[in-house]
Amino acid sequence: MIEFGLTREPIDTEQWRRRMFDLTCGGYAAFEGWVRDHNEGQEVLRLEYEVYETLALSEGNKILAEAIERFGVTGAACVHRHGELRLGDVAVWVGVSAAHRDEAFKACRYVIDEVKIRLPIWKKEHYVAGDSGWVNCERCAAHGHAHETDRPRQPETAGV
Amino acid sequence: MIEFGLTREPIDTEQWRRRMFDLTCGGYAAFEGWVRDHNEGQEVLRLEYEVYETLALSEGNKILAEAIERFGVTGAACVHRHGELRLGDVAVWVGVSAAHRDEAFKACRYVIDEVKIRLPIWKKEHYVAGDSGWVNCERCAAHGHAHETDRPRQPETAGV
Amino acid sequence: MKKIHVRYFALFRDQVGRDEETIETEASDPAGLYAELQARHDLGLGADRLKVAVNDEFTSWDRSLSDGDRIVFIPPVAGG
Amino acid sequence: MKKIHVRYFALFRDQVGRDEETIETEASDPAGLYAELQARHDLGLGADRLKVAVNDEFTSWDRSLSDGDRIVFIPPVAGG
């Protein structure tokens with residue numbers, strides 16, 4: 001099973017999980033990104049994800065294929081939600097099944113790390129204080145890329 | 001949420017997962033060990049787990065507390081099934097919720113690694129060929145501990 | 001002169017005030033086209049912060065553009 | 001002489017042919033008691049392969065045993 005999905009509806013993680021079952025697999029690792037109630041000191045009310053669908057689908061499938069090839073896992077799947085999300089919603093789900101747990105963990109981690117860096121998807125946070133912002137973009141531009149230089153990869157943001 | 005459980009019934013992973021929800025958390029990592037259809041070249045039919053309950057409960061809770069302290073995660077839970085299991089059954093489930101994904105992955109991995117090494121629980125595999133064996137014990141004794149010396153930690157066995 | 005279809009997402013959509021536009025340009029590659037658009041729409045981000053996709057595939061800044069190409073300049077992403 | 005309650009799990013239960021027994025012993029610690037039982041029941045595993053629990057807690061091989069203690073010798077585990 002290899003499948004990458006995008007959806008505006010709530011992610012049915014249990015349905016995705018069930019599709020990973022495989023009798024040759026002894027281990028299953030999963031990750032979920034949840035919309036949390038704060039980010040960098042701001043109270044978050046809700047958020048929006050905007051996605052460049054065609055490219056996100058091809059890039060997402062590429063990431064999954066890489067995970068399978070690099071770590072030799074049996075199945076890898078991922079679904080990312082977009083549109084309007086509320087606190088506690090699942091923004092992204094990743095599932096990996098494998099003969100052994102080591103590969104399952106590594107491949108699952110690889111998928112979410114790459115998704116965060118490579119998938120053409122953007123997040124706008126709406127704050128309790130009333131304002132809103134595209135995560136990374138406006139803030140980094142305004143702060144002279146402080147986030148980018150402080151941290152080697154993508155800054156951690158709400159949703160993970 | 002911190003809870004370690006033992007059960008003879010099928011593990012309701014979705015119910016356990018739901019109890020991990022926390023609005024302060026942006027990441028959730030989970031692991032499941034499944035009963036797979038082969039182990040070290042033998043076709044597996046079913047298996048039995050036998051557990052020393054009192055000690056397994058205290059040791060399991062200790063492992064979870066260690067995971068929370070070491071990695072600073074918000075919630076950590078684990079449930080291990082025992083008794084008779086069939087192919088495809090979930091033998092063990094681990095879930096961890098945290099502000100960020102890095103801790104969630106590390107703590108989840110820590111819990112399953114420690115569970116496999118420290119929990120007083122034993123697995124007897126029944127093979128399609130008709131015989132059966134306690135995983136590790138008889139085989140290691142018979143083979144002059146070949147498994148132990150080949151691999152630094154616990155040998156990988158069916159179920160992960 | 002060639003016609004290039006540009007789509008805008010997220011920050012760029014907000015700054016430009018529209019989802020897409022068709023540009024007539026002499027620019028030979030995405031780098032040249034981005035310089036034009038950056039000036040025209042006062043886009044804050046330097047090209048070093050972006051990726052670019054032509055016809056729904058990531059591409060390099062110096063690939064040549066053809067009449068009718070569809071292009072997206074991709075501001076820093078934030079999935080997950 | 002003290003009475004010690006011994007429980008057997010997994011491989012040991014199969015080898016001894018019972019779940020538990022009460023032993024009268026002069027052994028002062030788990031190491032001494034295991035040596036006795038190993039001989040009596042022809043247990044294959046050396047103590048170096050085992051852990052030991054007294055009164056439902058992991059303990060050391062040289063802790064002193066008291067009358068009425070409950071002991072479990074723990075063969076290599078295989079959870080997950």
Side-chain angles (χ1 to χ4, degrees), chain A residues 12-15 17-18 20-40 43-44 47 74 86-113 115-116 123 153-160, chain B residues 12-15 17-18 20-40 43-44 47 74 86-113 115-116 123 153-160:
Chain A
D12 186 340
T13 59
E14 179 59 13
Q15 194 192 36
R17 169 184 172 273
R18 282 184 188 281
M20 303 302 294
F21 271 108
D22 187 315
L23 286 182
T24 68
C25 290
Y28 164 78
F31 177 79
E32 298 178 19
W34 295 343
V35 179
R36 61 177 181 159
D37 60 8
H38 63 284
N39 188 30
E40 299 186 8
E43 275 184 89
V44 175
L47 54 77
T74 307
R86 296 181 166 277
L87 299 186
D89 281 348
V90 178
V92 61
W93 171 91
V94 180
V96 172
S97 58
H100 300 286
R101 72 185 184 286
D102 188 52
E103 306 92 89
F105 272 107
K106 284 180 180 157
C108 188
R109 181 70 197 255
Y110 178 79
V111 171
I112 186 62
D113 285 353
V115 157
K116 289 181 79 77
K123 175 162 51 185
R153 295 185 109 181
Q154 205 80 343
E156 286 290 338
T157 55
V160 176
Chain B
D12 186 341
T13 59
E14 180 57 14
Q15 194 191 38
R17 169 184 172 275
R18 282 184 188 280
M20 303 301 294
F21 270 107
D22 187 314
L23 286 183
T24 68
C25 290
Y28 164 78
F31 177 78
E32 298 177 20
W34 296 342
V35 180
R36 61 178 180 159
D37 61 8
H38 63 285
N39 189 29
E40 299 185 7
E43 275 184 88
V44 175
L47 53 78
T74 307
R86 296 181 167 275
L87 299 188
D89 281 348
V90 178
V92 61
W93 172 92
V94 180
V96 171
S97 59
H100 300 285
R101 71 186 185 286
D102 189 53
E103 306 92 89
F105 272 106
K106 284 179 180 157
C108 187
R109 180 70 197 256
Y110 178 81
V111 171
I112 186 64
D113 285 354
V115 158
K116 290 180 79 78
K123 175 162 53 186
R153 297 186 105 179
Q154 204 80 344
E156 287 289 338
T157 54
V160 177

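Below, chains carry the letters A, B, ... as their sequence lines are ordered, and counting in each starts from 1.
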Checklist line | Presence of salt bridge, A:Arg36 and B:Asp22, under 4.0 angstrom | finding: no
Margin query: Looking at A:Glu14, I want to see if its CD is surrounded by more than 12 non-hydrogen atoms of other residues, nucleotides or ligands under 6.0 Å.
Written below: yes
Notebook entry, point to check: If you measure from CH2 on A:Trp34 to CZ on B:Arg101, what distance do you get to the nearest 0.5 Å?
Noted result: 15.5 Å
Notebook entry, point to check: Where does A:Val94 contact chain B at under 4.5 Å (heavy atoms): side chain, backbone, both or neither?
Noted result: neither
Item checked: Electrostatic pair A:Arg109:B:Asp102 at N-O distance under 4.0 angstrom -> yes
Check: With chain B, which of A:Ser97, A:Ala104, A:Cys108, A:Gly95 has the greatest number of heavy-atom pairs at distances under 4.5 Å?
Finding: A:Cys108
Next item on the list: Please flag which part of B:Val96 lies under 4.5 Å from any non-hydrogen atom of chain A: side chain, backbone, both or neither.
Entry: neither
Item checked: Ring-ring centroid check B:Phe105 A:Phe31, cutoff 6.0 Å -> yes
Check: Looking only at heavy atoms, what is the nearest atom pair of A:His38 and B:Thr24, with distance?
Finding: CE1-O, 3.5 Å
Check: Between B:Glu32 and A:Arg17, is the closest basic N to carboxylate O distance under 4.0 Å?
Finding: yes
Notebook entry, point to check: Relative to chain B, which of A:Phe21, A:Tyr28, A:Trp93 shows the most heavy atom pairs under 4.5 Å?
Noted result: A:Tyr28
